[in-house]
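To keep things clear, I will list the structure first and then write my remarks on it.
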Protein chains: 2
Amino acid sequence: MTEFNSKQIEIINITEKLFAEKGFDGTSIREIAKAAEINVAMVSYYFGSKEKLLEAIILYRVSAFGVMLENLQNEPISPIEKVKKYICFYIKRIYENKDIYQILHFEIVNQKRTSDFPFFSEIKRKNLQLLENIIAEGKNSAIFKPKCNTVLIPTLIIGTFSQFYNNKKFYQEMLNLNDEASFEHYILNDFIEEITNVILGMLIK
Amino acid sequence: MTEFNSKQIEIINITEKLFAEKGFDGTSIREIAKAAEINVAMVSYYFGSKEKLLEAIILYRVSAFGVMLENLQNEPISPIEKVKKYICFYIKRIYENKDIYQILHFEIVNQKRTSDFPFFSEIKRKNLQLLENIIAEGKNSAIFKPKCNTVLIPTLIIGTFSQFYNNKKFYQEMLNLNDEASFEHYILNDFIEEITNVILGMLIK
DNA sequence: GTTTAAATTAAACGATTGTTTAATTTTTGT
DNA sequence: ACAAAAATTAAACAATCGTTTAATTTAAAC
(Lines give C-alpha, C1' and ligand atoms only; values in the text may rest on other atoms or scores of the structure.)
Protein backbone atom coordinates (compact mmCIF):
# COMPACT_ATOMS: atom_id res chain seq x y z
CA MET A 1 0.00 0.00 0.00
CA THR A 2 1.52 3.29 1.10
CA GLU A 3 5.27 3.05 1.36
CA PHE A 4 7.71 5.34 3.09
CA ASN A 5 11.31 6.03 2.17
CA SER A 6 14.10 5.95 4.71
CA LYS A 7 13.93 9.70 5.32
CA GLN A 8 10.23 9.50 6.03
CA ILE A 9 10.70 6.57 8.37
CA GLU A 10 13.34 8.51 10.27
CA ILE A 11 10.93 11.41 10.70
CA ILE A 12 8.18 9.00 11.74
CA ASN A 13 10.35 7.38 14.41
CA ILE A 14 11.50 10.66 15.91
CA THR A 15 8.06 12.26 15.82
CA GLU A 16 6.44 9.19 17.35
CA LYS A 17 8.54 9.65 20.45
CA LEU A 18 7.78 13.38 20.66
CA PHE A 19 4.03 12.85 20.24
CA ALA A 20 4.08 10.17 22.92
CA GLU A 21 5.97 12.43 25.31
CA LYS A 22 4.31 15.79 24.71
CA GLY A 23 1.15 14.95 22.81
CA PHE A 24 0.20 15.96 19.29
CA ASP A 25 -0.92 19.47 20.21
CA GLY A 26 2.03 19.90 22.54
CA THR A 27 4.57 19.23 19.81
CA SER A 28 5.32 21.86 17.17
CA ILE A 29 6.60 21.18 13.70
CA ARG A 30 9.65 23.26 14.56
CA GLU A 31 10.42 20.92 17.45
CA ILE A 32 10.08 17.96 15.12
CA ALA A 33 12.34 19.61 12.55
CA LYS A 34 14.97 20.33 15.16
CA ALA A 35 14.91 16.81 16.59
CA ALA A 36 15.04 15.22 13.15
CA GLU A 37 17.56 17.75 11.87
CA ILE A 38 15.45 18.77 8.92
CA ASN A 39 13.92 21.98 7.64
CA VAL A 40 10.42 22.84 8.88
CA ALA A 41 9.10 22.67 5.32
CA MET A 42 10.06 19.02 5.00
CA VAL A 43 7.14 17.81 7.07
CA SER A 44 4.66 19.35 4.65
CA TYR A 45 6.83 18.23 1.74
CA TYR A 46 6.91 14.59 2.81
CA PHE A 47 3.57 14.15 4.54
CA GLY A 48 1.36 17.06 3.48
CA SER A 49 0.61 18.33 6.96
CA LYS A 50 1.21 17.73 10.64
CA GLU A 51 -2.05 15.85 10.97
CA LYS A 52 -1.17 13.64 8.02
CA LEU A 53 2.17 12.93 9.65
CA LEU A 54 0.24 11.67 12.66
CA GLU A 55 -1.84 9.45 10.41
CA ALA A 56 1.33 8.18 8.74
CA ILE A 57 2.83 7.28 12.12
CA ILE A 58 -0.26 5.35 13.14
CA LEU A 59 -0.52 3.62 9.77
CA TYR A 60 3.16 2.73 9.73
CA ARG A 61 3.17 1.27 13.23
CA VAL A 62 -0.22 -0.38 13.41
CA SER A 63 0.04 -2.08 10.02
CA ALA A 64 3.04 -3.95 11.46
CA PHE A 65 0.67 -5.42 14.05
CA GLY A 66 -1.25 -7.33 11.40
CA VAL A 67 0.12 -10.83 11.59
CA MET A 68 0.48 -11.89 15.16
CA LEU A 69 -0.38 -15.29 16.47
CA GLU A 70 -2.61 -16.78 13.84
CA ASN A 71 -0.73 -20.04 13.96
CA LEU A 72 -0.96 -20.15 17.76
CA GLN A 73 -4.39 -21.67 17.52
CA ASN A 74 -3.06 -24.69 15.62
CA GLU A 75 -0.01 -25.35 17.74
CA PRO A 76 -0.03 -28.75 19.47
CA ILE A 77 -0.13 -27.37 23.01
CA SER A 78 -2.82 -27.18 25.67
CA PRO A 79 -5.22 -24.21 25.88
CA ILE A 80 -3.51 -23.17 29.09
CA GLU A 81 -0.15 -22.96 27.33
CA LYS A 82 -1.79 -21.08 24.48
CA VAL A 83 -3.23 -18.50 26.86
CA LYS A 84 0.16 -18.12 28.48
CA LYS A 85 1.81 -17.56 25.12
CA TYR A 86 -0.92 -15.14 24.11
CA ILE A 87 -0.45 -13.00 27.22
CA CYS A 88 3.32 -13.05 26.96
CA PHE A 89 3.27 -12.06 23.32
CA TYR A 90 0.64 -9.40 23.91
CA ILE A 91 2.39 -7.67 26.80
CA LYS A 92 5.72 -7.72 25.01
CA ARG A 93 4.12 -6.14 22.00
CA ILE A 94 2.57 -3.37 24.06
CA TYR A 95 5.85 -2.80 25.85
CA GLU A 96 7.86 -2.61 22.65
CA ASN A 97 5.30 -0.31 21.04
CA LYS A 98 4.40 1.75 24.06
CA ASP A 99 4.85 5.04 22.22
CA ILE A 100 2.26 4.33 19.57
CA TYR A 101 -0.09 2.85 22.17
CA GLN A 102 0.29 6.08 24.11
CA ILE A 103 -0.52 8.15 21.03
CA LEU A 104 -3.47 5.98 20.09
CA HIS A 105 -4.83 6.14 23.62
CA PHE A 106 -4.91 9.91 23.45
CA GLU A 107 -6.25 10.08 19.92
CA ILE A 108 -9.08 7.67 20.65
CA VAL A 109 -10.15 9.73 23.65
CA ASN A 110 -9.56 13.08 21.94
CA GLN A 111 -12.66 14.78 20.61
CA LYS A 112 -10.75 17.27 18.50
CA ARG A 113 -9.60 15.13 15.63
CA THR A 114 -12.53 12.96 14.65
CA SER A 115 -10.14 10.25 13.56
CA ASP A 116 -11.60 6.83 13.87
CA PHE A 117 -9.17 3.98 13.32
CA PRO A 118 -11.02 1.24 11.48
CA PHE A 119 -7.89 -0.85 10.95
CA PHE A 120 -6.98 -0.61 14.62
CA SER A 121 -10.47 -1.67 15.67
CA GLU A 122 -10.17 -4.50 13.17
CA ILE A 123 -6.94 -5.69 14.78
CA LYS A 124 -8.50 -5.48 18.23
CA ARG A 125 -11.45 -7.50 17.03
CA LYS A 126 -9.21 -10.11 15.41
CA ASN A 127 -7.09 -10.21 18.53
CA LEU A 128 -10.12 -10.83 20.71
CA GLN A 129 -11.45 -13.46 18.33
CA LEU A 130 -8.22 -15.45 18.58
CA LEU A 131 -8.39 -15.41 22.37
CA GLU A 132 -12.04 -16.44 22.34
CA ASN A 133 -11.26 -19.39 20.10
CA ILE A 134 -8.55 -20.56 22.47
CA ILE A 135 -10.84 -20.19 25.45
CA ALA A 136 -13.64 -22.02 23.64
CA GLU A 137 -11.22 -24.88 23.11
CA GLY A 138 -10.43 -24.89 26.82
CA LYS A 139 -14.13 -24.95 27.64
CA ASN A 140 -14.70 -27.89 25.33
CA SER A 141 -11.86 -29.74 27.00
CA ALA A 142 -13.52 -28.97 30.33
CA ILE A 143 -10.34 -27.28 31.51
CA PHE A 144 -11.85 -23.80 31.66
CA LYS A 145 -14.96 -22.64 33.42
CA PRO A 146 -18.05 -22.74 31.21
CA LYS A 147 -18.87 -19.14 32.05
CA CYS A 148 -16.24 -16.44 31.92
CA ASN A 149 -16.16 -12.98 30.41
CA THR A 150 -13.52 -13.06 27.69
CA VAL A 151 -14.16 -9.56 26.38
CA LEU A 152 -12.56 -7.95 29.38
CA ILE A 153 -9.31 -9.92 29.19
CA PRO A 154 -7.46 -7.87 26.55
CA THR A 155 -8.81 -4.76 28.27
CA LEU A 156 -7.40 -5.96 31.55
CA ILE A 157 -4.00 -6.72 30.04
CA ILE A 158 -3.48 -3.49 28.17
CA GLY A 159 -5.18 -1.38 30.83
CA THR A 160 -3.15 -2.75 33.71
CA PHE A 161 0.05 -2.47 31.73
CA SER A 162 -0.59 1.13 30.66
CA GLN A 163 -1.49 2.14 34.17
CA PHE A 164 1.61 0.44 35.49
CA TYR A 165 3.96 1.91 32.92
CA ASN A 166 2.56 5.41 33.06
CA ASN A 167 3.02 5.50 36.81
CA LYS A 168 6.56 4.25 36.40
CA LYS A 169 8.00 6.56 39.02
CA PHE A 170 5.44 5.56 41.62
CA TYR A 171 5.98 1.84 41.11
CA GLN A 172 9.75 2.14 40.89
CA GLU A 173 9.66 3.61 44.39
CA MET A 174 7.08 1.10 45.56
CA LEU A 175 8.90 -1.96 44.25
CA ASN A 176 12.49 -0.75 44.64
CA LEU A 177 13.19 -0.90 40.92
CA ASN A 178 15.63 1.96 40.90
CA ASP A 179 17.26 1.62 37.50
CA GLU A 180 15.80 1.18 34.05
CA ALA A 181 17.09 -2.37 33.64
CA SER A 182 15.41 -3.72 36.76
CA PHE A 183 12.15 -2.01 35.83
CA GLU A 184 12.24 -3.66 32.42
CA HIS A 185 13.14 -6.97 34.01
CA TYR A 186 10.15 -6.68 36.31
CA ILE A 187 7.79 -6.07 33.41
CA LEU A 188 9.10 -8.87 31.22
CA ASN A 189 9.13 -11.42 34.03
CA ASP A 190 7.23 -10.65 37.23
CA PHE A 191 4.54 -8.52 35.64
CA ILE A 192 3.83 -11.01 32.87
CA GLU A 193 3.71 -13.84 35.40
CA GLU A 194 1.42 -11.87 37.67
CA ILE A 195 -1.05 -11.04 34.90
CA THR A 196 -0.91 -14.60 33.61
CA ASN A 197 -1.87 -15.91 37.04
CA VAL A 198 -4.75 -13.46 37.29
CA ILE A 199 -6.17 -14.46 33.92
CA LEU A 200 -5.65 -18.18 34.38
CA GLY A 201 -7.38 -17.78 37.71
CA MET A 202 -10.34 -16.34 35.84
CA LEU A 203 -10.39 -19.22 33.38
CA ILE A 204 -9.38 -22.43 35.12
CA LYS A 205 -11.93 -24.35 37.12
CA MET B 1 -6.30 26.22 52.16
CA THR B 2 -6.97 27.75 48.78
CA GLU B 3 -10.62 28.50 48.30
CA PHE B 4 -12.51 29.20 45.13
CA ASN B 5 -15.59 31.36 44.68
CA SER B 6 -18.61 30.20 42.73
CA LYS B 7 -17.44 31.88 39.53
CA GLN B 8 -14.09 30.14 39.75
CA ILE B 9 -15.72 26.80 40.42
CA GLU B 10 -17.91 27.26 37.36
CA ILE B 11 -14.84 27.92 35.23
CA ILE B 12 -13.09 24.93 36.78
CA ASN B 13 -15.99 22.60 36.00
CA ILE B 14 -16.33 23.73 32.40
CA THR B 15 -12.60 23.71 31.72
CA GLU B 16 -12.20 20.28 33.31
CA LYS B 17 -14.49 18.84 30.69
CA LEU B 18 -12.69 20.63 27.85
CA PHE B 19 -9.25 19.54 29.02
CA ALA B 20 -10.47 15.95 29.34
CA GLU B 21 -11.94 16.03 25.84
CA LYS B 22 -9.29 17.95 23.92
CA GLY B 23 -6.28 17.97 26.20
CA PHE B 24 -4.59 20.94 27.82
CA ASP B 25 -2.62 21.95 24.73
CA GLY B 26 -5.62 21.32 22.50
CA THR B 27 -7.82 23.76 24.39
CA SER B 28 -7.38 27.50 23.98
CA ILE B 29 -8.29 30.12 26.53
CA ARG B 30 -10.71 31.57 23.99
CA GLU B 31 -12.50 28.24 23.80
CA ILE B 32 -12.73 28.17 27.57
CA ALA B 33 -14.02 31.74 27.66
CA LYS B 34 -16.66 30.95 25.07
CA ALA B 35 -17.83 27.79 26.83
CA ALA B 36 -17.94 29.51 30.21
CA GLU B 37 -19.40 32.71 28.74
CA ILE B 38 -16.70 34.90 30.17
CA ASN B 39 -14.12 37.30 28.78
CA VAL B 40 -10.73 35.84 27.85
CA ALA B 41 -9.03 38.04 30.42
CA MET B 42 -10.98 36.43 33.24
CA VAL B 43 -8.86 33.29 33.25
CA SER B 44 -5.74 35.30 33.99
CA TYR B 45 -7.70 37.47 36.38
CA TYR B 46 -9.00 34.56 38.44
CA PHE B 47 -6.21 32.02 38.14
CA GLY B 48 -3.11 33.88 36.93
CA SER B 49 -2.51 31.76 33.85
CA LYS B 50 -3.79 28.81 31.85
CA GLU B 51 -1.31 26.49 33.53
CA LYS B 52 -2.36 27.70 36.97
CA LEU B 53 -5.97 27.03 35.98
CA LEU B 54 -4.94 23.45 35.29
CA GLU B 55 -3.31 23.25 38.69
CA ALA B 56 -6.44 24.71 40.27
CA ILE B 57 -8.60 22.07 38.58
CA ILE B 58 -6.38 19.26 39.84
CA LEU B 59 -6.17 20.73 43.33
CA TYR B 60 -9.92 21.32 43.52
CA ARG B 61 -10.85 17.82 42.40
CA VAL B 62 -8.15 15.73 44.02
CA SER B 63 -8.41 17.40 47.42
CA ALA B 64 -11.98 16.08 47.50
CA PHE B 65 -10.56 12.56 47.30
CA GLY B 66 -8.89 12.91 50.67
CA VAL B 67 -11.24 11.15 53.04
CA MET B 68 -12.42 7.95 51.52
CA LEU B 69 -12.81 4.70 53.39
CA GLU B 70 -10.77 5.17 56.49
CA ASN B 71 -13.51 3.71 58.62
CA LEU B 72 -13.85 0.70 56.31
CA GLN B 73 -11.03 -0.99 58.13
CA ASN B 74 -12.90 -0.93 61.42
CA GLU B 75 -16.28 -2.03 60.14
CA PRO B 76 -17.50 -5.32 61.62
CA ILE B 77 -17.50 -7.24 58.33
CA SER B 78 -15.27 -9.94 56.87
CA PRO B 79 -12.16 -9.06 54.83
CA ILE B 80 -13.93 -10.38 51.74
CA GLU B 81 -16.79 -7.94 52.25
CA LYS B 82 -14.29 -5.17 52.87
CA VAL B 83 -12.51 -5.89 49.60
CA LYS B 84 -15.84 -5.89 47.80
CA LYS B 85 -16.75 -2.54 49.30
CA TYR B 86 -13.32 -1.17 48.47
CA ILE B 87 -13.57 -2.15 44.81
CA CYS B 88 -17.11 -0.87 44.47
CA PHE B 89 -16.27 2.46 46.05
CA TYR B 90 -13.08 2.79 44.04
CA ILE B 91 -14.64 2.11 40.64
CA LYS B 92 -17.56 4.41 41.34
CA ARG B 93 -15.16 7.16 42.29
CA ILE B 94 -13.16 6.75 39.10
CA TYR B 95 -16.34 6.69 37.07
CA GLU B 96 -17.74 9.81 38.68
CA ASN B 97 -14.42 11.62 38.32
CA LYS B 98 -13.38 10.28 34.95
CA ASP B 99 -12.60 13.72 33.57
CA ILE B 100 -9.98 14.55 36.16
CA TYR B 101 -8.56 11.03 35.95
CA GLN B 102 -8.24 11.54 32.21
CA ILE B 103 -6.44 14.85 32.72
CA LEU B 104 -4.15 13.42 35.37
CA HIS B 105 -3.31 10.44 33.21
CA PHE B 106 -2.11 12.75 30.47
CA GLU B 107 -0.30 15.13 32.79
CA ILE B 108 1.55 12.33 34.54
CA VAL B 109 2.75 10.95 31.22
CA ASN B 110 3.42 14.36 29.70
CA GLN B 111 7.04 15.45 29.70
CA LYS B 112 6.26 19.07 28.88
CA ARG B 113 4.95 20.32 32.17
CA THR B 114 7.21 18.95 34.85
CA SER B 115 4.33 18.90 37.27
CA ASP B 116 4.64 16.25 39.88
CA PHE B 117 1.60 15.72 42.02
CA PRO B 118 2.80 14.98 45.54
CA PHE B 119 -0.69 15.06 47.03
CA PHE B 120 -1.99 12.70 44.38
CA SER B 121 0.84 10.27 45.00
CA GLU B 122 0.09 10.60 48.69
CA ILE B 123 -3.54 9.63 48.12
CA LYS B 124 -2.50 6.67 45.99
CA ARG B 125 -0.13 5.53 48.70
CA LYS B 126 -2.79 5.91 51.39
CA ASN B 127 -5.26 4.11 49.18
CA LEU B 128 -2.89 1.21 48.69
CA GLN B 129 -2.07 1.07 52.39
CA LEU B 130 -5.73 0.69 53.28
CA LEU B 131 -6.09 -2.22 50.86
CA GLU B 132 -2.95 -3.86 52.16
CA ASN B 133 -4.24 -3.66 55.72
CA ILE B 134 -7.47 -5.34 54.71
CA ILE B 135 -5.61 -8.05 52.86
CA ALA B 136 -3.25 -8.57 55.78
CA GLU B 137 -6.30 -9.12 57.96
CA GLY B 138 -7.55 -11.72 55.48
CA LYS B 139 -4.20 -13.45 55.51
CA ASN B 140 -4.19 -13.60 59.30
CA SER B 141 -7.67 -15.10 59.23
CA ALA B 142 -6.32 -17.65 56.75
CA ILE B 143 -9.02 -16.62 54.27
CA PHE B 144 -6.59 -15.14 51.77
CA LYS B 145 -3.56 -16.73 50.22
CA PRO B 146 -0.35 -16.03 52.13
CA LYS B 147 1.38 -14.81 48.98
CA CYS B 148 -0.31 -12.37 46.66
CA ASN B 149 0.84 -9.18 44.98
CA THR B 150 -1.31 -6.40 46.40
CA VAL B 151 0.51 -3.55 44.68
CA LEU B 152 -0.96 -4.40 41.32
CA ILE B 153 -4.58 -4.45 42.46
CA PRO B 154 -5.36 -0.71 42.33
CA THR B 155 -3.41 -0.59 39.08
CA LEU B 156 -5.55 -3.36 37.70
CA ILE B 157 -8.78 -1.67 38.75
CA ILE B 158 -8.04 1.79 37.43
CA GLY B 159 -6.21 0.50 34.36
CA THR B 160 -8.93 -1.88 33.29
CA PHE B 161 -11.61 0.73 33.88
CA SER B 162 -9.78 3.45 31.94
CA GLN B 163 -9.12 1.11 29.05
CA PHE B 164 -12.74 0.03 29.06
CA TYR B 165 -14.18 3.52 29.25
CA ASN B 166 -11.84 5.05 26.71
CA ASN B 167 -12.78 2.41 24.18
CA LYS B 168 -16.43 3.03 24.91
CA LYS B 169 -17.49 2.82 21.27
CA PHE B 170 -15.72 -0.48 20.74
CA TYR B 171 -17.26 -2.12 23.79
CA GLN B 172 -20.70 -0.67 23.18
CA GLU B 173 -20.67 -2.49 19.85
CA MET B 174 -19.14 -5.59 21.38
CA LEU B 175 -21.58 -5.86 24.27
CA ASN B 176 -24.68 -4.39 22.61
CA LEU B 177 -24.84 -1.45 24.99
CA ASN B 178 -26.31 0.95 22.49
CA ASP B 179 -27.47 3.80 24.69
CA GLU B 180 -25.73 5.73 27.42
CA ALA B 181 -27.95 4.35 30.19
CA SER B 182 -27.20 0.70 29.46
CA PHE B 183 -23.49 1.43 29.22
CA GLU B 184 -23.57 3.09 32.62
CA HIS B 185 -25.63 0.23 34.00
CA TYR B 186 -23.04 -2.24 32.72
CA ILE B 187 -20.22 -0.37 34.45
CA LEU B 188 -21.95 0.03 37.78
CA ASN B 189 -23.14 -3.57 37.91
CA ASP B 190 -21.57 -6.10 35.55
CA PHE B 191 -18.17 -4.45 35.34
CA ILE B 192 -17.84 -3.99 39.09
CA GLU B 193 -18.93 -7.60 39.64
CA GLU B 194 -16.48 -8.85 37.04
CA ILE B 195 -13.53 -6.99 38.52
CA THR B 196 -14.51 -8.05 42.03
CA ASN B 197 -14.47 -11.70 40.97
CA VAL B 198 -11.07 -11.30 39.36
CA ILE B 199 -9.55 -9.76 42.45
CA LEU B 200 -11.19 -12.11 44.92
CA GLY B 201 -9.90 -14.92 42.71
CA MET B 202 -6.43 -13.53 43.24
CA LEU B 203 -6.86 -13.36 47.00
CA ILE B 204 -9.02 -16.23 48.19
CA LYS B 205 -7.46 -19.64 48.72
C1' DG C 1 27.90 17.49 -19.90
C1' DT C 2 23.48 19.06 -20.13
C1' DT C 3 18.71 18.64 -18.81
C1' DT C 4 15.15 17.34 -15.66
C1' DA C 5 13.46 16.10 -11.42
C1' DA C 6 13.86 15.79 -6.42
C1' DA C 7 15.39 17.55 -2.15
C1' DT C 8 16.46 21.28 0.81
C1' DT C 9 16.63 25.93 2.29
C1' DA C 10 15.48 30.68 4.36
C1' DA C 11 11.96 33.74 4.51
C1' DA C 12 7.49 35.15 4.70
C1' DC C 13 2.42 34.27 5.23
C1' DG C 14 -1.82 35.00 7.90
C1' DA C 15 -3.93 32.94 11.83
C1' DT C 16 -3.95 31.82 16.50
C1' DT C 17 -1.73 31.50 20.86
C1' DG C 18 -1.50 33.19 26.10
C1' DT C 19 -1.25 37.40 28.37
C1' DT C 20 -1.56 42.37 29.50
C1' DT C 21 -3.38 46.92 29.32
C1' DA C 22 -6.35 50.53 30.30
C1' DA C 23 -11.00 51.86 30.36
C1' DT C 24 -15.64 50.82 31.97
C1' DT C 25 -19.20 48.67 34.56
C1' DT C 26 -20.84 46.51 38.68
C1' DT C 27 -20.74 45.58 43.43
C1' DT C 28 -19.68 46.62 48.09
C1' DG C 29 -19.10 49.24 52.39
C1' DT C 30 -20.36 53.20 54.86
C1' DA D 1 -25.69 58.76 47.86
C1' DC D 2 -21.00 58.41 47.53
C1' DA D 3 -16.35 56.49 47.50
C1' DA D 4 -13.52 52.27 47.06
C1' DA D 5 -12.97 47.82 45.49
C1' DA D 6 -13.96 44.16 42.48
C1' DA D 7 -15.45 42.45 38.18
C1' DT D 8 -15.75 42.75 33.32
C1' DT D 9 -14.73 44.45 28.86
C1' DA D 10 -12.53 45.34 24.11
C1' DA D 11 -8.29 45.99 22.24
C1' DA D 12 -3.65 45.34 21.67
C1' DC D 13 0.71 42.79 22.65
C1' DA D 14 4.56 39.94 21.13
C1' DA D 15 5.32 35.15 20.36
C1' DT D 16 4.42 31.05 18.18
C1' DC D 17 1.66 28.23 15.30
C1' DG D 18 1.20 25.33 10.65
C1' DT D 19 1.87 26.15 6.01
C1' DT D 20 3.46 28.14 1.59
C1' DT D 21 6.56 30.41 -1.46
C1' DA D 22 10.30 30.95 -4.37
C1' DA D 23 15.09 30.26 -4.76
C1' DT D 24 18.89 27.10 -4.43
C1' DT D 25 21.30 22.85 -4.04
C1' DT D 26 21.62 17.97 -4.92
C1' DA D 27 20.66 13.83 -7.51
C1' DA D 28 19.16 11.26 -11.51
C1' DA D 29 18.48 10.51 -16.44
C1' DC D 30 19.98 10.57 -20.96
Atom-to-atom span, [atom1] of [X] to [atom2] of [N] - whole angstrom:
| X | N | atom1 | atom2 | value |
| --- | --- | --- | --- | --- |
| Ile29(A) | dC13(C) | CD1 | C1' | 14 Å |
| Lys52(B) | dT19(C) | NZ | C1' | 12 Å |
| Leu53(A) | dC17(D) | CG | P | 16 Å |
| Glu37(A) | dT8(C) | CD | P | 13 Å |
| Gln8(A) | dA6(C) | CD | P | 14 Å |
| Lys22(B) | dT17(C) | NZ | P | 11 Å |
| Glu51(B) | dT17(C) | CD | C1' | 14 Å |
| Lys112(B) | dG18(C) | NZ | P | 11 Å |

Would you please confirm or rule out a distance under 4.0 Å between OP1 or OP2 of [N] and any side-chain N or O of [X]?
| X | N | answer |
| --- | --- | --- |
| Ser28(A) | dC17(D) | yes |
| Tyr46(A) | dT8(C) | yes |
| Asn39(B) | dA10(D) | yes |
| Tyr45(B) | dA7(D) | yes |

| said: If you take the centroid of each ring, where Trp contributes its six-membered ring, are Phe191(B) and Tyr171(B) closer together than 6.0 Å? | reply: no
| Where do Lys145(A) and Ile204(A) come nearest, in terms of heavy atoms and distance? | CE-O, 3.2 Å
| remark: Between Asn110(A) and Lys22(B) the two heavy atoms that sit nearest each other are ND2-O, 3.5 Å
Which nucleotide in [options] has an atom nearest any side-chain atom of [X]:
| X | options | result |
| --- | --- | --- |
| Lys50(B) | dT9(D), dT19(D), dT19(C) | dT19(C) |
| Met42(B) | dG18(C), dA7(D), dA10(C) | dA7(D) |
| Arg30(B) | dT17(C), dT19(D), dA7(D) | dT17(C) |
| Lys7(A) | dT19(D), dT19(C), dT8(C) | dT8(C) |

| query | Side chains of Tyr60(B) and Glu16(B): do they bring a donor and an acceptor to under 3.5 Å? | reply | no
| said: Do the side chains of Lys82(A) and Glu75(A) get close enough for a salt bridge, i.e. N-O under 4.0 angstrom? | reply: no
